[in-house]
Amino acid sequence: MSTARPAEGARLADVLKGPGYLKTLLLSGLVGIPVSLVAFWFLAGIHELQHALWSGLPHSLGWASAPWWWPLPLLLVSGVLVGLIARHMKGAGGHVPVRSMGAGMSGTSTAVLPGVVLAAAASLPFGAVLGPEAPLIALGGGLALLLRDLLRTEATPQTTTLLAAAGAAAAVAAIFGSPLIAGVLLIELVGVGGVRLFAVMLPAMLSSGIGALVFTGFGRWTGLQVGKLNAKLPEPFTRLDAPDVIWGLLIAVAVAVLQHSTMAAGRTVATYVAGRTLVRTTLCALGAGACAAAYALVTGRDPQDVASSGESTLATLTADPQAWGIGALIAVLLCKAVGYALCLGSLRGGPVFPALFLGAAAGLLLSPLPGLGVVPGVAAGLAAATAVVLRMPVSSAVLVTVLLGNTAVTPLVIMAVVAAMITTELLPGGPRPAE
């Protein structure tokens, strides 16, 4: 995505008085309304289809819940559909999830919207180990540009940048639980500073704020569920001790190594899939289904613990940590990490949600360490996993702090983010430049 570049010595007042800026700012605010409504129905549709496939259909066939093998046919269908979309539709259904989040911003256009929506609908409800954030960014930015074209507003590099950022912010504001997170995320995705930063962020913040209001109100009015990140821990926590910090930093390093290895595997999968898209996308999706089926067969738990984004499972994991034994945590970590790597390089979606679940599960698994508790263990795991995937330190710290709703662990969250990013940079084959 090209970025408007006012002169370095310009003041914000000069930018505001510039040709068409205030008109674009007003349009950005208005964009938040339709984009948030479309995002709402997109997420509600994904949620309803997922419920039908994983609950309604098994019930209609006489099962109380999805049997252990259920992920295999669903993800087989997903792989075929996504492979066909990637081969035949413009934009290949959106960028491969293992690429940086910035790739979704840079690829924003109206032409790729049908492929993005169809590929996400063929991935997420069927059990892809991915989240909805990357398709939402592409959907929001593309819709904003489509509205610009419909209103016949002049298409300049500045309006393209501002409206795409505003649309993306409005679309992701609700799924992350706060327009503040969307704003901070956009700051680091856009990657500009000074007056240029304010010029881009004013429309994005305005659009995300309006969009969040519309999104929340519309959800209450319809009664439909769209899902939202939730990691509130029931255990009271008021103060960090030295063991919390020491163990938390070690957990951050360990989670960073795990997440780094998973992302590296995802890049290998993406290279493999690029050779024969349809066949290899199908094989990788089927492999992810096998991971979920093996987990359910061995543990007797729900295969959706492994299949799907991990959003709802994260909420149950943090709400009732005692319900998970050590064996179940180890099994879900291993199986979900493999399924995640396969989906990162083949299907379509976002990388953040499963990473959050893996980080929380790893932190919970290690929380019995001497002097460590559940809250700091999970906080360190969440922060490290998010930092490795996003590669944006401020966004990672803000996201985890808001998710936990506990400011007492904020210092540990920040230190864990820093430790994870340093670890990832120093590991062989560290993060590649944004693609």
Side-chain angles (χ1 to χ4, degrees), residues 46-47 49-78 123-131 225 227-235 255 258-259 262 284-344 347 349 353-368 374 377-378 381-382 385:
I46 294 291
H47 183 273
L49 181 55
Q50 182 174 354
H51 179 76
L53 290 173
W54 288 89
S55 182
L57 186 56
H59 286 174
S60 68
L61 295 175
W63 288 293
S65 60
W68 66 268
W69 50 264
W70 196 252
L72 294 170
L74 289 188
L75 279 158
L76 174 62
V77 171
S78 175
S123 297
L124 303 179
F126 288 83
V129 190
L130 298 167
Q225 296 184 29
K228 187 171 68 174
L229 280 174
N230 180 19
K232 298 297 188 294
L233 288 154
E235 181 179 316
V255 170
L258 171 66
Q259 189 63 47
T262 305
C284 289
L286 188 59
C291 291
Y295 165 82
L297 182 62
V298 170
T299 64
R301 296 179 66 94
D302 190 339
Q304 273 197 286
D305 290 352
V306 169
S308 76
S309 68
E311 169 202 315
S312 59
T313 316
L314 175 63
T316 59
L317 175 76
T318 56
D320 187 13
Q322 305 306 319
W324 292 73
I326 292 177
L329 286 172
I330 293 174
V332 78
L333 277 169
L334 292 176
C335 293
K336 198 172 188 76
V338 175
Y340 180 38
L342 290 169
C343 292
L344 278 172
L347 300 182
F353 283 37
L356 284 166
F357 176 83
L358 289 171
L364 180 59
L365 177 65
L366 298 172
S367 63
V374 170
V378 170
L382 283 170

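Only this structure's heavy atoms are used, side chains among them; waters, hydrogens and symmetry mates stay out.
- Within the 3.5 Å criterion, the main-chain N or O of Ala52 finds no donor-acceptor partner in the side chain of Ser55.
- The OG1 atom of Thr316 sits 6.0 Å away from atom CH2 of Trp324, with the distance rounded to the nearest 0.5 Å.
- Pairing each heavy atom of Leu53 with each of Pro125, the nearest pair is CD1-O, 3.8 Å.
- From Leu356, atom CG reaches atom OG1 of Thr313 across 12.5 Å, with rounding to the nearest 0.5 Å.
- Atom OG in Ser78 sits 4.5 Å away from atom CG in Leu347 (nearest 0.5 Å).
- In His59, the NE2 atom is crowded: over 12 heavy atoms of neighbouring residues, nucleotides or ligands sit closer than 6.0 Å.
- Within the structure, side chain to side chain donor-acceptor pair (under 3.5 Å) pairs that include any residue of residues 287-305 comprise Tyr295-Arg301, Tyr295-Asp305, Arg301-Asp305 (at least two apart or interchain).
- By the side-chain contact (heavy atoms from CB on, under 4.5 Å) test, Ala307 pairs with Trp54, Ala292, sequence neighbours left out.
- Scanning all heavy atoms of the two residues, the minimum distance from Ala293 to Leu72 falls at CB-CG, 4.2 Å.
- In terms of heavy-atom proximity, Leu364 sits nearest to Pro368 at O-CD, 3.7 Å.
- Of the inter-residue distances, the one linking Leu75 atom CG with Leu342 atom CG reads 10.0 Å to the nearest 0.5 angstrom.
- Contact record, Gly131 with Pro354: N-CD, 3.9 Å, taken as the closest heavy-atom pair.
- To the nearest 0.5 angstrom, Leu49 atom CG is 11.0 Å from His47 atom NE2.
- Between Thr262 and Ala341 the shortest heavy-atom distance is O-CB, 3.8 Å.
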Trace of the side chain to side chain contact (heavy atoms under 4.5 Å, CB included) decision for Val332 with Phe357: CA-CA 10 Å; Val332 78; Phe357 176 83; 3.8 Å; yes
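- Listed by first then second residue, pairs satisfying side chain to side chain donor-acceptor pair (under 3.5 Å) with a partner in residues 63-76 number zero, not counting sequence neighbours.
- Residue Ile326 places its CD1 atom among 12 or fewer non-hydrogen atoms of other residues, nucleotides or ligands, all under 6.0 Å distant.
- How far SG of Cys291 is from CG of Leu334: 10.0 Å, rounded to the nearest 0.5 Å.
- Between Leu333 and Leu358, the closest heavy-atom pair is CD2-O, 3.5 Å.
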